[in-house]
Amino acid sequence: MKRAGERGLLHRDHPWLGWSVEDTATQRRGLLRAIAPDGDKPVPVAWLLPVGGGLEWTTAPGVLARPERITPCVLPRP
């Protein structure tokens with residue numbers, strides 16, 4: 001049974017899922033893909049992907065800031 005705020009597979013709801021956010025711990029921006037555990041660690045982390053592509057990284061959800069909606073004008077051109 002899911003608890004309030006869970007999306008399944010231990011993923012958590014977050015109002016910025018699918019938005020570009022700043023990781024203030026690293027000063028990088030990325031697309032917030034999920035709030036979920038990392039392996040066997042019990043504390044959920046934020047999973048971020050650079051908007052133009054690249055390697056996904058994790059950070060603490062509490063360090064996310066300055067959300068921006070993803071729109072066609074901020075996506076990279078092919």
Side-chain angles (χ1 to χ4, degrees):
M1 173 179 258
K2 288 190 243 180
R3 292 181 282 164
E6 281 190 5
R7 300 177 59 119
L9 299 174
L10 301 177
H11 286 232
R12 305 270 183 197
D13 281 328
H14 193 283
W16 299 341
L17 285 174
W19 290 41
S20 171
V21 296
E22 182 180 341
D23 171 1
T24 60
T26 64
Q27 306 304 310
R28 295 172 64 194
R29 286 197 74 81
L31 173 68
L32 179 58
R33 295 178 47 122
I35 303 288
D38 182 6
D40 60 355
K41 298 174 189 167
V43 177
V45 294
W47 292 82
L48 299 166
L49 181 68
V51 174
L55 295 175
E56 191 171 45
W57 79 95
T58 60
T59 193
V63 302
L64 301 178
R66 292 178 270 295
E68 295 177 2
R69 288 188 186 272
I70 299 294
T71 63
C73 64
V74 298
L75 293 175
R77 294 179 189 222

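We number each residue from 1, following the sequence as shown.
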Considering all heavy atoms, the nearest V45-P61 contact: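 Nearest heavy atoms, V45 then P61: CA-CD, 4.0 Å.
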Minimal non-hydrogen separation, P67 against W19, with atom names: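 Reported closest heavy-atom pair: CB-CE3, 3.5 Å.
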Nearest-0.5 Å distance, CG of residue L32 to CG of residue D23: 10.5 Å
Partners passing side-chain contact (heavy atoms from CB on, under 4.5 Å) against R29 (at least two apart in sequence or in another chain): S20, E22, R66, E68
W47 side chain to E56 backbone, donor-acceptor under 3.5 Å: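 Not a single qualifying donor-acceptor pair exists.
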L48 with I35, same ILVMFWY side-chain cluster at under 4.5 Å: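 Same cluster.
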